[in-house]
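Residue numbers count from 1 along this sequence.
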Amino acid sequence: MGRRQPENGDYQADLRKLQIQLVRLQRHLIASGEKMLVIIEGRDGAGKDGTIKRITEHMSPRETRVVALGKPSDREQTQWYFQRHVAHLPAAGEFVLFNRSWYNRAGVERVMGFCTDAEYEAFMGAVPVFEELLVRSGIRLVKYYLDIHRREQEKRLAARTRDPLKQWKVSPIDKVALKHWKAYSRARDAMLSRCNSVAAPWVVVRADDKKTARLNLIRDLLSRLDYEGKAAPRQIAPDRRIVFPFDVEALHDGRLAG
């Protein structure tokens, strides 16, 4: 039996319990000196910001960092592609989330023509090696892709333009996201299949329901580490219909939005 969709009251109660677990997890990271990096990717409007906000809401601001890099400068464009991200990797005891990451090259840069075919292919070949080096260096790396359907993206992007508190999210890229839906789907599929590795596997989150997606992503994250005060496995077990490890069959069996 899968976990049922949360009502709002259940959601708030469940979220609080999971946030308590996140605080306990962070205390373990600080005490042990472990380094954790969580990458959050997904389509425009998939809920990346809201998910990150709920993860970090009660965590220590000293040991927690959210990295959301903007367009590279002229100087950064001449650097090794991964170089500007390396400066933001976690040190001992730190919990770092990348709100988008080096995977911009596999997504928006690929679709919008912001990189050449040669640059794209060089990136796709380098990613598995780069991420394996990070893991071998002692960084715990988890990669999530938030997936939504086209109608849900259309609804969310339209709501974003009407909300005065979300005007900072509106960008020219939003306006063409739906136009390039199929191109983004092809880029997603290539990214997930070619950049999925034993050292750094992809985890897909079906995010049409924001609250269900947030809760289950956090459960999946918590289930990956041992720490003092960890809840019983059944209390933090994610619904695998919502959050699941990527495999090539997902490209054809309907688990990914078309």
Side-chain angles (χ1 to χ4, degrees), residues 1-31 34 36-43 45-61 63-66 68 94-100 140-149 151-153 155-156 159-160 163 165-166 169 201-246 250 255-257:
M1 294 292 290
R3 194 182 299 272
R4 65 186 176 85
Q5 301 282 311
E7 297 294 335
N8 190 59
D10 292 337
Y11 167 75
Q12 294 296 341
D14 288 349
L15 178 61
R16 177 174 171 77
K17 292 176 183 177
L18 293 173
Q19 288 175 330
I20 291 172
Q21 292 291 311
L22 285 169
V23 171
R24 292 176 181 173
L25 168 61
Q26 185 169 50
R27 290 178 64 185
H28 164 76
L29 294 176
I30 295 169
E34 292 190 56
M36 187 151 199
L37 174 61
V38 179
I39 289 176
I40 307 289
E41 291 285 346
R43 294 184 187 267
K48 296 180 291 295
D49 295 325
T51 297
I52 291 171
K53 178 180 178 181
R54 272 67 181 189
I55 292 172
T56 62
E57 190 171 10
H58 298 289
M59 298 179 80
S60 167
E63 287 85 13
T64 306
R65 288 187 288 116
V66 177
E94 289 186 335
F95 184 96
V96 176
L97 296 102
F98 277 11
N99 186 349
R100 296 193 182 276
R140 288 184 174 268
L141 173 60
V142 188
K143 305 186 302 189
Y144 292 105
Y145 184 87
L146 276 58
D147 199 38
I148 55 175
H149 286 83
R151 290 185 64 181
E152 183 64 22
Q153 184 186 53
K155 182 177 71 173
R156 293 185 188 181
R160 179 181 293 179
D163 189 339
L165 297 179
K166 295 183 178 180
K169 290 188 175 185
W202 275 109
V203 180
V204 178
V205 183
R206 303 179 73 172
D208 282 335
D209 184 295
K210 289 182 180 182
K211 293 179 179 179
T212 301
R214 292 169 188 163
L215 295 178
N216 281 282
L217 187 153
I218 296 173
R219 290 183 182 114
D220 181 86
L221 182 61
L222 291 168
S223 69
R224 294 175 178 274
L225 289 93
D226 291 324
Y227 54 91
E228 186 176 352
K230 184 174 180 176
R234 63 180 178 80
Q235 295 177 327
I236 55 173
D239 184 342
R240 289 304 177 194
R241 297 172 302 176
I242 305 298
V243 179
F244 58 91
F246 172 78
R255 282 180 288 167
L256 297 177

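Partners of Y145 under the side chain to side chain donor-acceptor pair (under 3.5 Å) rule, at least two apart in sequence or in another chain, do not exist in this structure. Residues satisfying the side chain to side chain donor-acceptor pair (under 3.5 Å) test with K53, not counting sequence neighbours, are none.
Here the side chain of R241 pairs no donor or acceptor atom with the backbone of R206 at under 3.5 angstrom. Side-chain N or O atoms of Q26 include one that pairs as donor or acceptor with a backbone N or O of S60 at under 3.5 Å. Between the side chain of K17 and the backbone N or O of Q235 there is no donor-acceptor pair closer than 3.5 Å. Here the side chain of K211 pairs no donor or acceptor atom with the backbone of Q12 at under 3.5 angstrom.
A salt bridge links R240 with D220: the closest approach of a Lys/Arg side-chain nitrogen to an acidic carboxylate oxygen falls below 4.0 angstrom. Between R24 and E228, no side-chain nitrogen of the basic residue sits less than 4.0 Å from a carboxylate oxygen of the acidic one, so the salt-bridge criterion is not met. A salt bridge is defined here as a Lys NZ or Arg NE, NH1 or NH2 lying under 4.0 Å from an Asp or Glu carboxylate O, and E152 with K155 meets this definition. Salt bridge absent: K143 and E41 never bring a charged side-chain N and a carboxylate O closer than 4.0 Å.
With a 6.0 Å cutoff to the six-membered ring centre and a 45° limit on the axis angle, R27 does not count as a cation-pi contact of Y227.
Of all heavy-atom pairs between R156 and I148, the closest is NH1-CG2, 3.9 Å. Nearest heavy-atom pair across H28 and D226 is NE2-O, 3.5 Å.
A 6.0 Å sphere centred on CZ of R224 holds more than 12 heavy atoms belonging to other residues, nucleotides or ligands.
If you run side chain to side chain donor-acceptor pair (under 3.5 Å) between Y11 and each of R214, R16, K210, only R214 comes through.
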